[in-house]
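What follows is a set of notes on a single structure, which appears directly below.
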Amino acid sequence: MVREIIIWPDPVLKEVAKPVDRVDDGIRRLLDDMAETMYAADGVGLAAPQIAVLKRVIVIDTSPRQEGQTLVHLVNPEIVKTEGETTYTEGCLSIPGEAEDVERAAKVWVRALGRDGKRFELECEGLLAIAVQHEYDHLQGTLFVDHLSSLKRELIRKRMKKLKAEQEAERASERASEVKGAKRHESAL
Ligand SMILES: [Zn+2]
């Protein structure tokens, strides 16, 4: 099921997500919903807090832009080692239409539980390494805008607030037309 992606600024995106006790069917359903939501939004990664679920769960699929990659499920991920530095122009499904350069480690080693609940370690380079760091940040309540100057961040915040207000107005008018529709239906009786 495709879930609604929370747009920044929103307090839920600032929360620290909680570790998962056990990878059960509920967590597997969450992983499936997250992958579906990520693909529907044309993203390469999604963290559970972005759909208002404060659990340490991440999905990443960089295959559209990185050869040899596939869908990765990370439950309770830990970045155990980093190497080098790189700068990448990052976007975020919770900050639509915005992209800025962010400095990251070039290579990371992540340890996590998989969809089967088994522990594994993954060596990540290129976009996958960026995505792991970006999504891990989400579990800590950090967004890519938190790596920018406060001036840039405030400009983006203003644009996002405007976008959210427009979305809200659109939803209100949809609700209003639904109500009208219902009235028409009633008077047709
Ligand atoms: Zn993001």
Side-chain angles (χ1 to χ4, degrees), residues 1-8 10-84 86 88-96 98-99 102 104-147:
M1 192 178 78
V2 173
R3 309 270 199 107
E4 189 191 342
I5 296 173
I6 306 296
I7 305 299
W8 180 80
D10 188 293
V12 77
L13 295 171
K14 300 303 292 174
E15 298 274 334
V16 176
K18 297 204 169 53
V20 168
D21 292 333
R22 204 166 63 90
V23 180
D24 56 14
D25 286 345
I27 294 297
R28 276 185 279 273
R29 260 197 306 277
L30 173 64
L31 284 164
D32 292 344
D33 282 0
M34 285 173 61
E36 220 180 310
T37 305
M38 170 182 76
Y39 290 130
D42 219 4
V44 296
L46 189 76
Q50 291 182 275
I51 56 163
V53 176
L54 287 171
K55 290 189 172 134
R56 302 188 78 80
V57 176
I58 289 170
V59 295
I60 295 172
D61 188 351
T62 58
S63 66
R65 282 176 236 166
Q66 195 175 18
E67 225 176 284
Q69 293 301 330
T70 178
L71 176 60
V72 182
H73 298 116
L74 301 171
V75 177
N76 297 346
E78 280 173 80
I79 294 173
V80 289
K81 196 179 144 193
T82 65
E83 207 179 87
T86 190
Y88 190 86
T89 311
E90 292 184 26
C92 178
L93 293 177
S94 292
I95 311 177
E98 303 288 341
V102 180
R104 301 281 189 187
K107 207 167 162 183
V108 301
W109 285 258
V110 64
R111 204 174 285 161
L113 301 176
R115 197 190 155 80
D116 55 5
K118 287 191 183 130
R119 192 166 291 281
F120 70 103
E121 197 174 305
L122 191 64
E123 192 181 313
C124 313
E125 281 182 285
L127 181 55
L128 180 59
I130 306 290
V132 163
Q133 293 168 85
H134 177 113
E135 303 311 333
Y136 184 84
D137 264 3
H138 274 300
L139 304 183
Q140 302 299 97
T142 301
L143 290 101
F144 84 83
V145 289
D146 294 313
H147 294 279

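Just the heavy atoms: all of them, side chains too, but no hydrogens, waters or symmetry mates, feed the values below.
- Going from atom CG of L71 over to atom CE of M38 covers 5.5 Å, rounded to the nearest 0.5 Å.
- For the pair V23 and V75, the tightest heavy-atom approach, listed with the atom from each and the gap, is CG2-CG1, 4.0 Å.
- With sequence neighbours left out, A40 forms a side-chain contact (heavy atoms from CB on, under 4.5 Å) with V2.
- Contact record, H138 with P49: O-CG, 3.8 Å, taken as the closest heavy-atom pair.
- In this structure, the side chains of P96 and I5 stay at 4.5 Å or more apart for every pair of heavy atoms.
- In terms of heavy atoms, C92 sits closest to L143 at SG-CD2, 4.5 Å.
- Nearest heavy atoms, Q66 versus E125: NE2-O, 2.9 Å.
- Under the 4.5 Å side-chain criterion, counting only non-hydrogen atoms from C-beta, P77 is in contact with I58.
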Would you mind writing out the side-chain donor-acceptor pairs for residues 13-20 within the sub-3.5 Å range, not counting sequence neighbours?
unit_1, atom_1, unit_2, atom_2, d
K14, NZ, G141, O, 3.4
K14, NZ, D146, OD2, 3.3

What pairs of donor and acceptor atoms, side-chain ones from residues 27-34 against any protein atom, are under 3.5 angstrom apart with sequence neighbours left out?
unit_1, atom_1, unit_2, atom_2, d
R28, NE, D25, OD1, 3.4
R28, NH1, R115, O, 2.9
R28, NH2, D25, OD1, 3.2
D32, OD1, R115, NH1, 2.6
D33, OD1, M1, N, 2.8
D33, OD2, R3, NE, 2.8
D33, OD2, R3, NH2, 3.0

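- Taking CG of L113 as the reference point, atom CZ of R119 lies at 5.0 Å (rounded to 0.5 Å).
- The environment of CG in D116 is crowded: more than 12 heavy-atom neighbours from other residues, nucleotides or ligands sit within 6.0 Å.
- Looking at every heavy atom in both residues, L122 comes nearest to V72 through CD2-CG1, 3.8 Å.
- Separation of atoms CZ (R56) and OH (Y136) is listed at 5.0 Å; rounding is to 0.5 Å.
- In this structure, G45 and L93 approach most closely via the heavy-atom pair O-CD1, 3.8 Å.
- More than 12 heavy atoms of other residues, nucleotides or ligands lie within 6.0 Å of CD in E121, so this atom counts as buried by the packing criterion.
- Atom OG1 of T86 is separated from atom NZ of K107 by 13.0 Å, given to the nearest 0.5 angstrom.
- Atom CD of E123 sits about 10.5 Å away from atom CG of L128, to the nearest 0.5 Å.
- Here the side chains of F120 and L74 are in contact, with some heavy-atom distance below 4.5 Å.
- Counting heavy atoms from C-beta on, the side chains of H147 and D137 come closer than 4.5 Å.
- Checked by atom type and distance alone, the side chain of S94 pairs as donor or acceptor with a backbone atom of I6 at under 3.5 Å.
- Interatomic distance, CZ of F144 versus OH of Y88, reported as 12.5 Å (0.5 Å rounding).
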